[in-house]
Undergrad: 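My questions will all concern the structure given below.
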Protein chains: 2
Amino acid sequence: METADTKERILEASQALVQVRGFNAFSYRDLAESVGIRTASIHYYFPRKDDLALSLVRRYHEGFRQILRQIESREVRSEGRLASYLNLFSSLSEDGLRLCLFGVFSADAASLSEEVLMEIRAFCDTNVDWVSKVLKAGQKEGAFSFSGSPLELARGIFALMEGELLVRRALRAPGPPPGIPPVVRALLSCRGDGPFAATDHIP
Amino acid sequence: METADTKERILEASQALVQVRGFNAFSYRDLAESVGIRTASIHYYFPRKDDLALSLVRRYHEGFRQILRQIESREVRSEGRLASYLNLFSSLSEDGLRLCLFGVFSADAASLSEEVLMEIRAFCDTNVDWVSKVLKAGQKEGAFSFSGSPLELARGIFALMEGELLVRRALRAPGPPPGIPPVVRALLSCRGDGPFAATDHIP
DNA sequence: GTCTATACACAGATAGAC
DNA sequence: GTCTATCTGTGTATAGAC
């Protein structure tokens, strides 16, 4: 096992811990056990817990951007792009236990450094901007029909997905959320035929 | 100062700490300092931290129900009722730092007892049922126009508000959220004239 | 009911051997 | 790079005086 691999395994394991428990509710000990190494080894890669948080959110953000690019190259129509986007959140927590890293870090914002907060803000912007772009294009295509600012609507859709994850966890409702696509469809006055296929996953 | 008063002050202070920092990110020491007593005194009222969590969420839920009743008696039209409801969340965090207790506890769900989780589920149900009722009535009055299940839509609106609080905190956007009323208006195809007055506050 | 004092486990973090 | 060993601060929680 080389260096990069251990680092990657730490990131992988800690992301799961963060998404399920929250950033303040797991320790380097938990993480070390999960990876199968000692806490000191984690400190070698991430001297402070905040370094880990920063790497986590940057990695997550980058992974998200990559998926958005994949969606764009695979889905041509705006409707398909939006459906894939929404599905990203549904597939995020098939067990209904994982939250989006954005939601967790926003909830735990008080204990995070300014650097990490800047990154989660950037993540939010990436999402809202991307959805806004899709909405605008869809409006031109005639796929969506809405009045009001695409940016406001996009922010609403992003907030809706983040909130829906909270609701699903609280209600212990696994699987694709039954309520979300209809809500968004109502928002955009589009038909949205057929079930949404779950294809993309956040790495 | 009698017993009841100290207990109440503890609840008041701890609610603020939970909403701003999260349940795992404040200690009995922080709380004691905030109230002006010693940690042992807190343990007298709430032997374990989970007891505190349970009292907090029950109190919060009850306060919420009371406000919902107040809204019903004050606002006759469904549109006014919904506007007041949405405003509840906006006024929640005028500084953009406080989350709804539901959001915090859902985010920290992994470290809470089953009893507390049942209470936050009940809180969620209270909200969704209430909004659903308003939507149905508004549809009859002709104030709202939407297709699809009122319950699904209500859950979407609740999720939207919870998610919007996360977004506002991350973006450090204080005051009434500029994006929310338009989104809900789009969702319900209603006009929603005039600014929403901030009157109710969660106790 | 509130306090002082304290127990005990665990947190994040570091030094230094291998 | 990974380990053992350890430091120091802080967490929840309790015993018992007042």
Side-chain angles (χ1 to χ4, degrees), chain A residues 1-57 104-105 107-117, chain B residues 1-57 104-105 107-117:
Chain A
M1 292 295 178
E2 312 88 274
T3 289
D5 198 47
T6 298
K7 194 167 185 174
E8 188 55 29
R9 282 193 304 152
I10 293 172
L11 288 168
E12 191 68 26
S14 57
Q15 180 176 320
L17 285 169
V18 169
Q19 288 181 293
V20 173
R21 296 197 206 168
F23 188 69
N24 294 307
F26 80 96
S27 66
Y28 268 36
R29 194 165 307 183
D30 301 322
L31 182 50
E33 278 171 23
S34 174
V35 177
I37 52 176
R38 300 291 174 167
T39 62
S41 303
I42 300 175
H43 279 285
Y44 172 78
Y45 294 101
F46 307 100
R48 313 162 139 271
K49 208 182 178 186
D50 196 72
D51 299 322
L52 178 59
L54 191 59
S55 289
L56 270 179
V57 65
V104 178
F105 280 130
D108 288 335
S111 36
L112 297 170
S113 71
E114 196 53 42
E115 260 186 312
V116 175
L117 295 180
Chain B
M1 292 295 179
E2 311 90 272
T3 289
D5 199 46
T6 299
K7 194 168 185 174
E8 188 55 29
R9 283 193 303 153
I10 293 172
L11 287 168
E12 190 68 26
S14 57
Q15 181 176 319
L17 284 169
V18 169
Q19 288 180 294
V20 174
R21 296 196 207 169
F23 188 68
N24 293 307
F26 80 95
S27 66
Y28 269 35
R29 195 165 304 182
D30 300 323
L31 182 51
E33 277 171 23
S34 174
V35 177
I37 53 178
R38 299 294 174 164
T39 62
S41 304
I42 301 176
H43 280 286
Y44 172 78
Y45 295 103
F46 306 101
R48 314 163 136 273
K49 208 182 178 186
D50 195 73
D51 300 322
L52 178 59
L54 191 57
S55 289
L56 269 179
V57 64
V104 179
F105 279 130
D108 288 335
S111 36
L112 297 171
S113 71
E114 196 53 43
E115 261 186 311
V116 175
L117 294 181

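As the structure is a computational prediction, the values presented were derived from the model and not from experiment.
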Undergrad: Looking at D/dT2, C/dA11, C/dT2, which one has an atom nearest to any side-chain atom of B/Tyr44?
TA: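 Among the listed nucleotides, the one closest to the side chain of B/Tyr44 is C/dT2.
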Undergrad: If only atom types and distance count, is the side chain of A/Asp108 paired as donor or acceptor with the main-chain N or O of A/Phe23 below 3.5 Å?
TA: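 Yes.
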Undergrad: Counting only side-chain heavy atoms from C-beta out, which of C/dG12, C/dT2, D/dC3 sits nearest to A/Lys49?
TA: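 Nearest listed nucleotide: C/dG12.
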Undergrad: Please round to the nearest 0.5 Å and tell me the distance separating atom OH of B/Tyr45 and atom CG of B/Leu11.
TA: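 Rounded to the nearest 0.5 Å, the OH-CG separation comes to 10.5 Å.
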Undergrad: If the cut-off is 4.0 Å, is B/Thr6 near the phosphate of C/dT2, judged by side-chain N/O to OP1 or OP2?
TA: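 Answer yes for this pair, as a side-chain N or O of B/Thr6 is under 4.0 Å from OP1 or OP2.
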Undergrad: For the pair made of CZ in A/Arg38 and C1' in C/dT14, what is the distance, rounded to whole Å?
TA: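 My rounded result for the distance is 17 Å.
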Undergrad: Nearest whole Å is fine: how far is D/dG11 P from B/Leu52 CG?
TA: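 The distance from CG of B/Leu52 to P of D/dG11 comes to 15 Å, rounded to the nearest Å.
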Undergrad: So what does B/Phe26 hit on the nucleic acid, given a heavy-atom distance under 4.0 Å: a base, only sugar-phosphate, or nothing?
TA: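 Since only primed, P, OP1 and OP2 atoms lie under 4.0 Å of B/Phe26, the category is sugar-phosphate.
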Undergrad: Look at the side chain of A/Tyr28 and decide which nucleotide, out of C/dA13, D/dC3, C/dC3, has an atom nearest to it.
TA: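 For A/Tyr28, the side-chain atoms sit closest to C/dA13.
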Undergrad: Output the rounded distance in Å from CD1 (A/Ile10) to P (C/dG12).
TA: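 After rounding, the gap between these two atoms is 14 Å.
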Undergrad: Are A/Ser27 and C/dC10 close enough that a side-chain N or O sits under 4.0 Å from OP1 or OP2?
TA: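 Looking at the OP1 and OP2 atoms of C/dC10, neither is under 4.0 Å from any side-chain N or O of A/Ser27.
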Undergrad: Roughly, in whole Å, what's the span from CG in B/Asp30 to P in D/dG9?
TA: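 In whole Å, D/dG9 P and B/Asp30 CG are 17 Å from each other.
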Undergrad: So B/Asp51 and B/Arg48, do their side chains get closer than 4.5 Å, heavy atoms only?
TA: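 B/Arg48 reaches B/Asp51 side chain to side chain.
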Undergrad: Give the rounded distance in Å between these two atoms: CG of A/Asp51 and P of C/dG12.
TA: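 So the two atoms are 13 Å apart, to the nearest Å.
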Undergrad: Categorize B/Arg48 for me: base, sugar-phosphate, or nothing, with a 4.0 angstrom heavy-atom threshold over every strand shown.
TA: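 Answer is sugar-phosphate: B/Arg48 comes under 4.0 Å of backbone atoms only.
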Undergrad: Compare all side-chain heavy atoms of A/Ile10 with those of A/Ile37 and state whether any distance is below 4.5 angstrom.
TA: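 With C-beta onward as the side chain, the pair touches.
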Undergrad: Between atom CZ in B/Arg29 and atom C1' in C/dA11, what is the gap in whole Å?
TA: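 Rounded to whole Å, this separation is 13 Å.
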Undergrad: Could you measure the distance from the CD1 atom of B/Ile42 to the CG atom of B/Leu31? Nearest 0.5 Å is fine.
TA: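 The distance works out to 3.5 Å.
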Undergrad: Please report, rounded to the nearest Å, how far the C1' atom of C/dG12 is from the CG atom of A/Asn24.
TA: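 A/Asn24 atom CG is separated from C/dG12 atom C1' by 12 Å.
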Undergrad: Check the phosphate of C/dG1 against B/Ser41, side-chain N and O only, distance under 4.0 Å to OP1 or OP2. Yes or no?
TA: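 No, B/Ser41 has no side-chain N/O under 4.0 Å of OP1/OP2 on C/dG1.
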Undergrad: What is the distance from NE2 of A/His43 to C1' of D/dA5, rounded to the nearest Å?
TA: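 After rounding, the reported distance stands at 14 Å.
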